[in-house]
Amino acid sequence: MVASMAKEVERIDLDVFDAVAHLPPAPVFLVASGAEEKDWNVTTIGLFNVFSLFPVTIGIGVKTSRNIYKLLQETPDFSLNVPGLDMLEVVKFCGEKAGKGVNKIKETGLAVVRGKRIKSPIIKESLMYIECRKLKDKEFEVGDHTWFLAEPAHTEVNVDYDKSQALLYWDGEYRAATKIVAPKEG
Ligand SMILES: Cc1cc2nc3c(=O)[nH]c(=O)nc-3n(C[C@H](O)[C@H](O)[C@H](O)COP(=O)(O)O)c2cc1C
């Protein structure tokens, strides 16, 4: 029998925004898009979800005011790049600086190259990346964000990928997941 964890604790009410902010941390990504090299740009994105495993379907939530939204409208694909802890300053910059009229790839000095199976660039410094092909008819608005659903077209990961190096975001703080509490079985 699994012991019950329930015990008497004192709790406080949270408003809806605080409730979201208190949820455990989520990954943060650098999303790159653009069909032509001259248009390529990068934005920090935290709203991400795996919508299905069979077939693998992932989605990102983007506000219409973002430059990356315009690029996503014009481009059949994007790349989802996992930044390491050493990319914190780039992640902050790409999450603060609006890309309209600003080439954030040049400004940050990121090394990019066209994806193997997509027109958009991938970011070479990232720990891993997924080349994503947008799914037609799978773009929808929910409140203040538009969700773009996509299927992976190609993925590469560093051979020495260290999961503890992936950047997480929690209520204004950046974190790393460094402790394994139950190792994988088998
Ligand atoms: C940690 C973090 C997560 C973010 N997540 C999102 C997101 O999921 N969707 C979004 O539209 N903007 C998000 N933003 C805000 C954009 O990255 C920011 O407005 C950026 O300047 C937009 O750049 P762009 O205009 O070049 O697309 C996030 C910013 C930060 C710092």
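Here the structure is a predicted model, which is why all the values come from computation and not from measurement. Counting convention: from 1, in listed order, for ligands and their atoms alike. Computed from heavy atoms alone, side chains included, the values below leave out hydrogens, waters and symmetry copies.
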Next on the checklist: Could you check whether F48 and F29 have their ring centres less than 6.0 Å apart?
Outcome noted: yes
Item to check | For ligand 1, the residues whose heavy atoms come within less than 4.0 Å (ordered by chain, then number) | outcome: V28, T43, T44, I45, G46, L47, G61, V62, K63, R66, N67, I68, C94, G95, E96, K97, A98, G99, K104, H145, Y169, Y174
Next on the checklist: One thing to verify: whether K92 and E96 come together as a salt bridge, which I'm taking to mean a side-chain N less than 4.0 angstrom from a carboxylate O.
Outcome noted: no
Next on the checklist: If hydrophobic residues (ILVMFWY) are linked whenever their side-chain heavy atoms come closer than 4.5 Å, directly or via other members, who joins V113 in its cluster?
Outcome noted: I122, Y129
Checklist entry - Can you tell if the side chain of F93 reaches within under 4.5 Å of the side chain of E89, non-hydrogen atoms only? => result no
Checklist entry - Quick check: does any side chain N or O of T178 sit under 3.5 Å from a backbone N or O of S164, one acting as donor and the other as acceptor? => result no
Checklist entry - Under the 3.5 angstrom rule, does the side chain of R114 hit a backbone N or O of E36 as a donor-acceptor pair? => result no
